[in-house]
Q: 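This is the structure I want to talk about, given as structure tokens.
Proteins come first, then strands; the chains are lettered A, B, ... in the order of their sequence lines, and each starts at number 1.
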2 protein chains.
Amino acid sequence: MAPRKLKSVEPQPSPKRRQHKADAKAATAAPAKPRPLTRIQREKQDIILEAALEVFSAEGFRGSTIDQIAEVAGMSKPNLLYYFPRKEEIHRRLMSELLVTWLAPLEEMRADGDPFVEIRSYIRRKLEMARDFPRQSRLFANEMLRGAPHIVDMLEVDLKNLVDEKAQVLLTWMDQGKITRTDPYHLIFSIWATTQHYADFDVQVRAILGRGRGGEGRYEDAARYLEQLFLHGLTPKPRPGSKAPPAGGALD
Amino acid sequence: MAPRKLKSVEPQPSPKRRQHKADAKAATAAPAKPRPLTRIQREKQDIILEAALEVFSAEGFRGSTIDQIAEVAGMSKPNLLYYFPRKEEIHRRLMSELLVTWLAPLEEMRADGDPFVEIRSYIRRKLEMARDFPRQSRLFANEMLRGAPHIVDMLEVDLKNLVDEKAQVLLTWMDQGKITRTDPYHLIFSIWATTQHYADFDVQVRAILGRGRGGEGRYEDAARYLEQLFLHGLTPKPRPGSKAPPAGGALD
DNA sequence: CTAACATTTTTCCAACTGGTCAAAAATCTG
DNA sequence: CAGATTTTTGACCAGTTGGAAAAATGTTAG
């Protein structure tokens with residue numbers, strides 16, 4: 001019995017397989033042609049990637065078959081294999097595109113803006129992504145759950161750098177007394193977690209909210225709630241006519 | 001660590017497949033013997049379930065093979081199949097046990113306690129579960145990502161009922177002015193999301209925190225941060241000598 | 001000790017899956 | 001339109017996987 005181990009980091013494309021498309025006989029002095037890529041090729045590849053996103057995000061990489069993807073893409077399996085020589089290749093492409101998309105909202109958080117406006121906007125953007133691109137979110141979550149075998153290195157470099165930079169921005173705001181002093185990394189984690197939750201755990205959210213507030217309104221509710229949470233937490237404002245809330249001392 | 005199993009809600013064995021063990025020829029008047037379950041059977045089943053948790057949580061259901069589970073469990077595939085006639089059966093058992101474990105922390109939130117203490121304790125418990133039982137968390141997340149095919153009905157009944165009940169508790173606290181008025185359901189979601197994140201997205205968290213704060217201390221940091229978040233959010237307390245924070249108006 | 005029963009191992013298989021290949025069909029180019 | 005090139009298809013294959021059957025090996029009550 002030979003249980004296949006997951007190889008974590010894919011080394012160079014093993015040269016054992018015949019090259020696809022152009023650059024087949026590239027072993028000369030020329031540093032490999034850039035490969036033109038015809039119009040039809042790009043179109044079909046897009047169709048395939050779209051179909052693969054659909055299937056992968058719903059079934060996971062190993063749970064998906066090329067046949068399924070091909071069917072969703074409206075072509076035969078060998079035909080699909082003509083455009084992407086291996087299943088892994090499709091997944092790789094999807095993942096690298098995904099990471100770029102995923103980093104974008106955080107990049108937009110400007111150091112020179114108003115802290116609360118910036119943070120709120122960031123939360124909004126992430127929430128919108130969860131609402132509008134749930135499949136991408138699930139694909140990403142899937143990869144994380146599996147230990148991110150295909151993108152750990154990118155996480156440790158690109159993602160880490162970006163987060164370090166933004167954490168620095170948050171720290172500056174804290175130094176200026178504009179937001180409360182706390183851990184900037186965990187702050188970012190909590191924004192990720194709370195927003196992506198609505199895509200990744202959608203079934204659960206809908207099961208609990210039921211048909212009432214489970215409709216599309218739930219994203220508006222979520223936005224309102226998260227705003228409250230990140231702005232003031234759960235401590236009630238002292239209302240006119242009442243003493244200071246007795247809850248403060250309970251936790252400090 | 002040996003995660004103790006709680007009692008599970010065992011669904012009756014589907015009658016479509018040949019019966020295992022005893023009660024093979026039960027087609028008479030007797031309403032099917034309860035099947036005693038020998039000591040060794042229970043032991044082996046536990047070993048198998050533990051191994052299956054390990055494998056399923058790391059590779060997902062379809063990504064796991066019976067061979068892998070059998071190897072981790074230290075037995076042969078057919079031997080494993082002797083205790084669980086089908087792969088699905090193992091998964092089913094795991095899931096139903098899991099749900100019970102998963103609901104427990106929320107159940108402990110007492111209506112007659114101090115709101116902030118109760119909420120903080122709940123967050124702590126969930127965070128501890130993420131730290132101590134990350135595999136269970138990932139197994140659960142996996143099922144959610146897939147649309148929870150095996151437990152939707154339980155979500156819609158058991159989980160929903162529990163959450164409805166606790167949402168009611170939260171609402172009462174809000175009515176009493178003890179915590180700020182906000183959406184109790186999304187409040188619960190945010191606690192789930194922020195805590196489980198540390199188990200499910202562990203790779204990402206560690207990649208970003210690096211070797212510095214990425215060690216075991218991260219759970220303490222997370223606990224501290226989440227306490228701040230849920231208690232006061234990000235609004236800084238006005239410090240002696242400074243005017244009220246200028247941020248308040250930015251969001252309201 | 002032995003029959004009855006529980007457990008384990010050996011061998012096997014059919015379905016599925018990722019992938020190949022050559023030939024047919026379609027498309028493009030001059 | 002002819003020829004070259006690209007795209008599509010059908011047939012096929014080898015490895016894996018879930019699972020069945022049955023034989024072999026314990027285990028235990030009487």
Side-chain angles (χ1 to χ4, degrees), chain A residues 1-7 10 13-25 33 35-48 51-52 55-56 59-92, chain B residues 13-14 16-26 33 35-48 51-52 55-56 59-92:
Chain A
M1 207 70 43
R4 262 290 80 93
K5 290 296 178 222
L6 285 194
K7 39 190 177 230
E10 197 65 9
S14 51
K16 67 173 182 175
R17 182 156 294 289
R18 90 180 154 150
Q19 291 296 7
H20 229 50
K21 306 266 117 45
D23 78 357
K25 62 278 231 173
K33 281 236 194 80
R35 262 199 292 179
L37 239 296
T38 75
R39 172 189 54 85
I40 198 170
Q41 276 173 339
R42 221 164 350 190
E43 282 177 8
K44 293 278 173 140
Q45 286 192 0
D46 281 352
I47 292 177
I48 292 170
V55 178
F56 282 152
E59 317 272 354
F61 180 75
R62 295 215 45 193
S64 308
T65 72
I66 301 185
D67 275 308
Q68 278 178 86
I69 300 173
E71 193 187 335
V72 173
M75 62 183 74
S76 68
K77 177 169 67 167
N79 195 188
L80 183 150
L81 260 339
Y82 171 72
Y83 292 103
F84 289 89
R86 348 184 78 223
K87 188 185 173 188
E88 266 191 343
E89 206 58 44
I90 312 177
H91 191 256
R92 193 196 315 281
Chain B
S14 56
K16 66 173 181 176
R17 181 153 290 286
R18 85 162 166 163
Q19 292 299 3
H20 230 48
K21 308 266 120 35
D23 77 358
K25 63 280 236 174
K33 279 236 195 81
R35 262 203 289 181
L37 240 297
T38 74
R39 172 188 56 87
I40 199 169
Q41 276 174 338
R42 223 165 349 196
E43 282 176 8
K44 294 275 172 141
Q45 286 192 359
D46 280 353
I47 292 177
I48 292 171
V55 178
F56 281 151
E59 318 271 358
F61 180 75
R62 294 215 44 191
S64 307
T65 72
I66 301 185
D67 274 309
Q68 280 178 83
I69 300 173
E71 194 188 331
V72 173
M75 63 183 74
S76 69
K77 177 170 67 167
N79 194 187
L80 183 151
L81 259 342
Y82 170 71
Y83 292 103
F84 288 90
R86 348 182 79 225
K87 189 184 173 188
E88 265 189 344
E89 207 58 44
I90 311 178
H91 191 258
R92 192 195 316 278

Q: For the residue pair B:F56 and B:F61, categorise the inter-ring angle as parallel (less than 30°), tilted (30 to 60°) or perpendicular (more than 60°).
A: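 Rings of B:F56 and B:F61: tilted, as their planes differ by 30° to 60°.
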Q: NA contact type, B:S76, heavy-atom cut-off 4.0 Å: base, sugar-phosphate, or nothing?
A: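 Since a base atom lies under 4.0 Å of B:S76, the category is base.
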Q: Please compare A:T65 and A:P78 by the position of their nearest nucleotide in DNA chain C and report the one closer to 5'.
A: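 Its nearest nucleotide being more 5', the pick is A:T65.
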Q: May I have the distance from A:L81 (atom CG) to D:dG10 (atom C1'), rounded to whole angstrom?
A: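 Rounded to whole Å, this separation is 14 Å.
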Q: A:A51 and A:V72: which non-hydrogen atoms are nearest, and at how many Å?
A: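 Taking every non-hydrogen atom into account, CB-CG1, 3.6 Å.
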Q: Whole-Å distance between D:dG18 P and B:H91 NE2?
A: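 Rounded to whole Å, this separation is 13 Å.
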Q: Check this one for me: any side-chain N or O of A:R62 less than 4.0 Å away from OP1 or OP2 of D:dT17?
A: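 Yes, because at least one side-chain N or O of A:R62 sits under 4.0 Å from OP1 or OP2 of D:dT17.
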Q: Side-chain N or O of B:Y82 versus OP1/OP2 of D:dA20: is the shortest distance under 4.0 Å?
A: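 Result: no.
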Q: Looking only at heavy atoms, which two atoms of B:I90 and B:A52 are closest? And how far apart?
A: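 Answer, listing the atom of B:I90 first, then B:A52: CG2-CB, 3.4 Å.
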Q: Rounding to an integer number of Å, can you tell me how far A:E43 CD sits from C:dA26 P?
A: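 Taking atom P of C:dA26 as the reference, CD of A:E43 is at 18 Å.
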Q: Could you tell me how far apart B:Y83 (OH) and C:dT9 (C1') are, to the nearest whole angstrom?
A: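 Going from B:Y83 (OH) to C:dT9 (C1'), I get 13 Å.
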Q: Side chain of B:K44 only, please: which of D:dT17, D:dT9, C:dT8 is the nearest?
A: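 The answer is C:dT8, which lies nearest to the side chain.
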Q: Calculate the interatomic distance between A:K77 atom NZ and C:dC21 atom P; express it in whole Å.
A: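 In whole Å, C:dC21 P and A:K77 NZ are 15 Å from each other.
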Q: Less than 4.0 angstrom between a side-chain N/O of B:R86 and OP1 or OP2 of D:dA20, yes or no?
A: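 Checking D:dA20 against B:R86, no side-chain N or O comes under 4.0 Å of OP1 or OP2.
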Q: Under 4.0 Å between a side-chain N or O of A:Q41 and OP1 or OP2 of D:dT7?
A: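 Answer yes for this pair, as a side-chain N or O of A:Q41 is under 4.0 Å from OP1 or OP2.
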Q: So which heavy atom on A:K87 is nearest to which on A:R62, and how close?
A: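 Heavy atoms of A:K87 and A:R62 come nearest at NZ-CA, 4.1 Å.
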Q: Between atom CZ in B:F61 and atom P in D:dT17, what is the gap in whole Å?
A: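 Spelled out: CZ on B:F61 to P on D:dT17 is 14 Å.
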Q: In sequence, state the C-alpha distance, the side-chain angles, and the governing distance for B:M75 and B:I48, and then conclude on side-chain contact (heavy atoms from CB on, under 4.5 Å).
A: CA-CA 9 Å; B:M75 63 183 74; B:I48 292 171; 3.8 Å; yes
Q: Of all residues at least two apart in sequence or in a different chain, which pass the salt bridge (Lys or Arg N to Asp or Glu O under 4.0 Å) check with A:E89?
A: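 So A:E89 forms a salt bridge (Lys or Arg N to Asp or Glu O under 4.0 Å) with A:R92.
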Q: Whole angstroms only, please: what is the CG-P distance between B:L80 and C:dT7?
A: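 So the two atoms are 14 Å apart, to the nearest Å.
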Q: Going by heavy atoms closer than 4.0 Å, what residues in residues 66-74 of chain A are next to DNA chain C?
A: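 Those residues whose heavy atoms fall under 4.0 Å from DNA chain C, taken from residues 66-74 of chain A in numerical order, are A:I66.
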Q: CE of A:M75 versus C1' of C:dA25: gap in Å, rounded?
A: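 Value for this atom pair: 16 Å.
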Q: Can you name the salt bridge (Lys or Arg N to Asp or Glu O under 4.0 Å) partners of A:D67, sequence neighbours left out?
A: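 A:K77.
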Q: Taking OP1 and OP2 of C:dT9, is either one under 4.0 Å from a side-chain nitrogen or oxygen of B:N79?
A: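 So the side-chain polar atoms of B:N79 do come within 4.0 Å of the phosphate oxygens OP1 or OP2 of C:dT9, strictly under.
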